[in-house]
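Report on one structure; see the data block that follows.
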Amino acid sequence: PTEIDEDYEVPFTNDRNRLLNVINFLHERLELEGPGTPLYDAVVKAIRMAEASEPMGHRALIVMTDGEDRGSVSADSDTIQRASDAHTPVFTVGLSNSSLDEQYLRRLADNTGGEYQAAETPADFSPLLSNVLDTLRSQYLLTYKSGLAEDGQTHSVLVRVRTATETEGVQEYRMETPGGLGEESA
């Protein structure tokens with residue numbers, strides 16, 4: 001399902017206060033009821049929602065949690081594969097406690113192009129959320145269409161960026177072009 005449960009979820013928004021209100025509500029609920037979130041299912045749901053509402057290159061997920069998965073139908077590998085297939089980076093923030101599945105949160109972030117951060121207390125969520133938002137505001141999507149023939153070979157592309165302050169970044173990417181020799185004739 002992709003419907004929003006307003007008590008526990010926030011639709012895609014730029015409203016920081018709305019996000020913080022839900023975080024505070026969830027923290028209070030945790031203290032009263034104890035842990036229990038189908039985390040993997042929630043991540044898969046959020047990826048589906050992002051795919052339906054945002055074009056590739058304009059979407060990212062922020063997953064904030066205080067625990068581990070409880071009761072999901074999806075597996076942890078499903079979430080990573082789904083986010084990778086959707087080209088959606090997942091930034092994870094975990095509230096440090098004994099039940100936090102930090103290994104999963106790190107894998108999810110690392111394998112999707114996101115970043116993992118640890119919050120020692122619920123009050124740490126706000127500055128860590130700001131860190132993620134700053135990172136997202138400073139990212140650019142570069143697309144490149146090669147003039148090379150589709151020969152099935154690996155080719156390098158060198159990307160060099162220079163900012164107004166003369167800071168320079170260089171990265172080499174190696175990609176295999178589709179195609180190849182095709183079928184041989186007899």
Side-chain angles (χ1 to χ4, degrees), residues 2 5 8-14 16 19-20 22-31 33-54 56-142 159 161 169-175:
T2 57
D5 182 339
Y8 305 104
E9 303 169 325
V10 178
F12 294 111
T13 181
N14 291 324
R16 180 184 175 140
L19 291 170
L20 294 175
V22 169
I23 291 167
N24 289 333
F25 171 79
L26 291 174
H27 178 66
E28 291 170 12
R29 183 177 152 253
L30 172 70
E31 289 179 347
E33 300 175 21
T37 303
L39 180 60
Y40 307 152
D41 290 347
V43 171
V44 169
K45 178 180 180 179
I47 293 165
R48 280 199 305 259
M49 291 171 64
E51 287 178 304
S53 65
E54 296 294 326
M56 187 170 52
H58 293 272
R59 59 181 175 236
L61 294 181
I62 302 171
V63 174
M64 302 170 82
T65 183
D66 61 354
E68 60 190 358
D69 179 76
R70 299 215 192 251
S72 283
V73 173
S74 305
D76 61 345
S77 59
D78 296 335
T79 64
I80 295 168
Q81 188 63 52
R82 182 77 186 229
S84 295
D85 290 348
H87 304 286
T88 302
V90 181
F91 293 81
T92 57
V93 180
L95 179 61
S96 298
N97 64 44
S98 61
S99 68
L100 181 67
D101 189 352
E102 187 173 340
Q103 183 181 15
Y104 163 70
L105 296 175
R106 285 185 186 280
R107 274 194 350 263
L108 178 60
D110 291 346
N111 288 309
T112 62
E115 181 182 343
Y116 170 75
Q117 297 182 86
E120 295 300 320
T121 69
D124 294 335
F125 274 132
S126 183
L128 295 177
L129 177 60
S130 291
N131 291 346
V132 172
L133 295 176
D134 289 343
T135 297
L136 292 172
R137 275 193 288 274
S138 65
Q139 289 184 343
Y140 295 90
L141 175 66
L142 175 69
V159 177
V161 177
V170 178
Q171 179 71 45
E172 179 180 11
Y173 297 93
R174 297 184 57 75
M175 300 238 157

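Keep in mind the model is a prediction, meaning the values are calculated, not measured. Computation of the quantities below employed the complete heavy-atom set of this structure, encompassing side-chain atoms and omitting hydrogens, waters and symmetry-equivalent molecules.
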Under 6.0 Å from the CD atom of E102, do we count more than 12 heavy atoms belonging to anything else shown? yes

Let me confirm one number: the CZ-OG distance from R137 to S130, rounded to the nearest 0.5 Å. 7.5 Å

Could you go through L105 and L100, starting from their C-alpha distance and side-chain angles, then the distance that decides it, and tell me whether this counts as side-chain contact (heavy atoms from CB on, under 4.5 Å)? CA-CA 9 Å; L105 296 175; L100 181 67; 3.6 Å; yes

Sub-3.5 Å donor-acceptor pair from the side chain of S96 to the main-chain atoms of A118, do we have one? no

Smallest heavy-atom separation, E115 atom then T135 atom, equals OE1-OG1, 4.5 Å

What are the two closest non-hydrogen atoms of R59 and P89, and how far apart are they? O-CD, 3.4 Å

Tightest non-hydrogen contact, residues F91 and A60, listed as CE1-CB, 4.2 Å

Quick one: which of D76, T79, D69, T92 gives a side chain to side chain donor-acceptor pair (under 3.5 Å) with Y104? T79

For the CG atom of N131 and the OG atom of S126, what is their distance to the nearest 0.5 Å? 10.0 Å

Of the non-hydrogen atoms in V43 and L61, which two are nearest, and what is the gap between them? O-CD1, 4.2 Å

I'd like to check D110 versus Y116 (side-chain heavy atoms, cut-off strictly below 4.5 Å). Are they in contact? no

Any side-chain heavy atom of V132 sitting closer than 4.5 Å to one from L128? no

Please give me the minimum heavy-atom distance between S74 and V44, naming the atom from each residue. OG-CG2, 3.7 Å

Given salt bridge (charged side-chain N to carboxylate O under 4.0 Å, His left out), test D85 with R82 step by step and report yes or no. CA-CA 5 Å; D85 290 348; R82 182 77 186 229; over 6 Å; no

Heavy-atom side-chain proximity of V93 to D124 below 4.5 angstrom: no

Closest non-hydrogen atom pair, S84 against N111: OG-O, 3.2 Å

Hey, mind stepping through T65 and D101 against side-chain contact (heavy atoms from CB on, under 4.5 Å) and telling me if it holds? CA-CA 9 Å; T65 183; D101 189 352; over 6 Å; no

